[in-house]
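Here the structure is laid out as structure tokens; the discussion comes afterwards.
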Amino acid sequence: SIPIRMGDHSLKTKEGTEQCVNSAKAFIHPNYDPTSHDSDIMLLKLQKPVRFTDYVHPVALPKSCPSPNTECIVSGWGSTSSPEGYFPDVLQCGVVYTIPNEECGKLYPKGITKNMLCAGVSAGGTDSCQ
């Protein structure tokens with residue numbers, strides 16, 4: 001069971017907009033490779049329906065991969081510094097841009113597959129992962 005947080009902004013403050021639902025089932029991609037991270041995607045079935053509100057609503061998924069230099073928004077409560085790791089209690093958001101996999105492969109030799117999407121900021125400082 002994986003807990004899913006929706007409509008939350010601060011992890012320390014109860015805002016009244018939060019919804020937490022556990023997963024009932026996880027569908028791991030059949031070609032997922034934990035060593036290379038190829039096909040690193042999973043679908044979760046929730047234990048109960050979500051109430052759509054001004055703070056919780058569905059996200060439209062794309063029908064195809066975005067072209068290079070497409071603006072994307074990333075968000076989460078992950079670490080905002082490395083290597084020491086600082087985890088803020090409020091949701092962080094950043095703007096990144098898609099990068100062609102060939103260009104990304106130069107930065108991460110043998111680390112990028114055709115099933116991966118690369119994004120970042122050329123000046124650095126904004127991302128959702130290393």
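Sequence positions, counted from 1, serve as the residue numbers for this chain. None of the values given here were measured: they were computed from a predicted structure.
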Counting only N and O atoms by type, is there a donor-acceptor contact under 3.5 Å from the side chain of [X] to the main-chain atoms of [Y]?
| X | Y | answer |
| --- | --- | --- |
| Thr17 | Gly7 | yes |
| Gln19 | Arg51 | yes |
| Glu102 | Pro100 | no |
| Asn69 | Tyr97 | no |
| Glu15 | His9 | yes |
| Ser10 | Val90 | no |
| Ser23 | Ile2 | yes |

Roughly how far, to the nearest 0.5 Å, is [atom2] of [Y] from [atom1] of [X]?
| X | Y | atom1 | atom2 | answer |
| --- | --- | --- | --- | --- |
| Thr113 | Asn31 | OG1 | CG | 10.5 Å |
| Leu11 | Leu91 | CG | CG | 8.0 Å |
| Ile73 | Ser128 | CD1 | OG | 12.5 Å |

Do Val95 and Glu71 come within less than 4.5 Å of each other through their side chains, counting heavy atoms only? yes

Leu44 and Met42, any side-chain heavy atoms less than 4.5 Å apart: yes

Taken in chain and number order and not counting sequence neighbours, the residues that satisfy side chain to side chain donor-acceptor pair (under 3.5 Å) with Asn22 are none

Could I get the full list of side chain to side chain donor-acceptor pair (under 3.5 Å) partners for Asp54, not counting sequence neighbours? none

According to a 4.5 Å side-chain heavy-atom criterion applied to Ile, Leu, Val, Met, Phe, Trp and Tyr, with indirect links allowed, do [X] and [Y] form part of one hydrophobic cluster?
| X | Y | result |
| --- | --- | --- |
| Ile99 | Val121 | no |
| Ile28 | Leu46 | yes |
| Leu107 | Met116 | yes |
| Ile112 | Leu117 | no |

Counting only pairs under 3.5 Å, give me each side-chain donor-acceptor contact of residues 59-67, with atom names and distances, residues two or more places apart or in other chains.
unit_1	atom_1	unit_2	atom_2	d
Ser67	OG	Thr70	OG1	3.4

Check step by step if side chain to side chain contact (heavy atoms under 4.5 Å, CB included) holds for Tyr32 and Asp38. CA-CA 6 Å; Tyr32 172 60; Asp38 192 30; over 6 Å; no

Over all atoms of both residues, closest heavy-atom pair of [X] and [Y]:
| X | Y | value |
| --- | --- | --- |
| Cys93 | Ser75 | SG-CB, 3.6 Å |
| Phe87 | Trp77 | CD2-O, 3.8 Å |
| Val56 | Val50 | CG1-CG1, 3.3 Å |

Side chain to side chain contact (heavy atoms under 4.5 Å, CB included), that's the test. Do Val21 and Met6 meet it? Break it down for me. CA-CA 8 Å; Val21 178; Met6 296 158 284; 3.8 Å; yes

Does Thr98 form a side chain to side chain contact (heavy atoms under 4.5 Å, CB included) with Cys72? I'd like the steps, not just the answer. CA-CA 7 Å; Thr98 56; Cys72 301; 3.8 Å; yes

